[in-house]
Amino acid sequence: MSISSEHKPLGKQVTSSLHTLSPIVELNVGGEMYTTTLSTLKKHPGSKLAEMFTGQPKLRTDSEGRFFIDRPGTYFKYILEYLRSNQVPTQCIQDVYKEALFYDIKPLIKQLEDSPQIFGELVARKQFLARVPNYSENIELMIRIARAEAVASRRSSVIVCVIRTEEDAARCQDALNSLDMDKKSVVKFGPWKAAPSISDLLDCIQMDVEAKGYKISFQPHVAEKGFRFKSHDFFYKFLFTWW
């Protein structure tokens, strides 16, 4: 009795496919179907994509015998366009960059990193945030406080204290001591040694919290009458809306 192709040993099936196939290769990338040539896929030796189709590939095949790659198929077309014609994509830059990193196509990675979108994120914004002490940890702390305050509420708020310079740190502490609030619930950012301003940092906080799926806004926090500092010099209220 013959053995159906679905039950052939995977390694034998894939290996024989590469040796007997024409240079035309059919791919299933995350459910999107592509047809290309073996030489296109191996255009950049040493890349992870080329290695997938070099020697004895460790790739599964789908029910139709197409090589299966478990990655987002939507963006693979931009990878193929680059391999075929050296055309650097101008759409979905951030997502294509992730795929270029996964497939380790170094020339494409380099060209994408020179694009305004990736350059701005990697070189400008991330380098700035790397100089803000405990930035990522403070983002997570904000979210934990907001979630703890969200019980039976439509909105919850988190007070953020932003310190731009070392000189502001003492003044901010004095202001914090004067505020009538639970000081443990105030999240402090800064100081930092870089050009971006307080408003730039506030925009980054909002951007990164929203990137995690939360709906958030912020405004200066206005303290009680008679407060001896202008509270909005340091304090901002971030409002999470849950429904």
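Excluded from the calculations below are hydrogen atoms, water molecules and symmetry mates; all remaining heavy atoms, backbone and side chain alike, are included.
In Asp70, the CG atom is not crowded: 12 or fewer heavy atoms of neighbouring residues, nucleotides or ligands sit closer than 6.0 Å. When the shell of 6.0 Å around CZ of Arg84 is examined, it contains more than 12 heavy atoms from other residues, nucleotides or ligands. The 12-atom threshold is not exceeded at NZ of Lys98, counting heavy atoms of other residues, nucleotides or ligands nearer than 6.0 Å.
Taking hydrophobic clusters as Ile, Leu, Val, Met, Phe, Trp and Tyr residues chained together by side-chain heavy-atom distances below 4.5 Å, Leu101 shares a cluster with Leu122. One hydrophobic cluster holds both Leu108 and Val29 under the rule that ILVMFWY side chains link at heavy-atom gaps under 4.5 Å.
Counting only distance, with no hydrogens or angles, the side chain of Gln206 and the backbone of Ile216 share a donor-acceptor pair below 3.5 Å. Judged by distance alone, the side chain of Asp62 and the main-chain N or O of Asn28 form no donor-acceptor pair under 3.5 Å. Formation of a donor-acceptor pair under 3.5 Å by the Lys48 side chain with backbone atoms of Asp104 is not found in this model. No donor-acceptor pair under 3.5 Å is formed between the side chain of Thr74 and the backbone N or O of Pro72. When atom types are taken as modelled, the side chain of Thr54 and the backbone of Ala50 share a donor-acceptor pair closer than 3.5 angstrom. Judged purely by atom type and a 3.5 angstrom limit, Ser156 uses its side chain to pair as donor or acceptor with the backbone of Ala146. For the pair Arg131 (side chain) and Ala194 (backbone), a donor-acceptor distance under 3.5 Å is absent.
Looking at Asp114 and Lys110, a side-chain N of the basic residue comes within less than 4.0 Å of a carboxylate O on the acidic one, giving a salt bridge. Ion pairing of Arg125 with Asp208 is present here, as a side-chain N (NZ or NE/NH1/NH2) and a carboxylate O approach within less than 4.0 Å.
For the pair Arg71 and Phe76, the cation-pi criterion (under 6.0 Å, within 45° of the ring axis) is not fulfilled.
Between the CG atom of Leu83 and the CD atom of Glu81 there is a distance of 10.5 Å, given to the nearest 0.5 Å. For the atom pair NZ of Lys42 and OG1 of Thr37, the computed distance is 10.5 Å after rounding to the nearest 0.5 Å. The structure places CG of Asn138 at 9.0 Å from OG of Ser136, a figure rounded to the nearest 0.5 Å.
Separation of the Trp192 and Tyr135 ring centroids does not fall under the 6.0 Å cut-off.
Relative orientation of the Tyr82 and His44 rings is parallel, given thresholds of 30° and 60° on the angle between their planes.
Using a 3.5 Å distance cut-off with no hydrogens or angles, the side chains of Gln117 and Tyr97 do not pair a donor with an acceptor.
Smallest separation of non-hydrogen atoms from Lys237 and Ser157: CG-CB, 3.7 Å.
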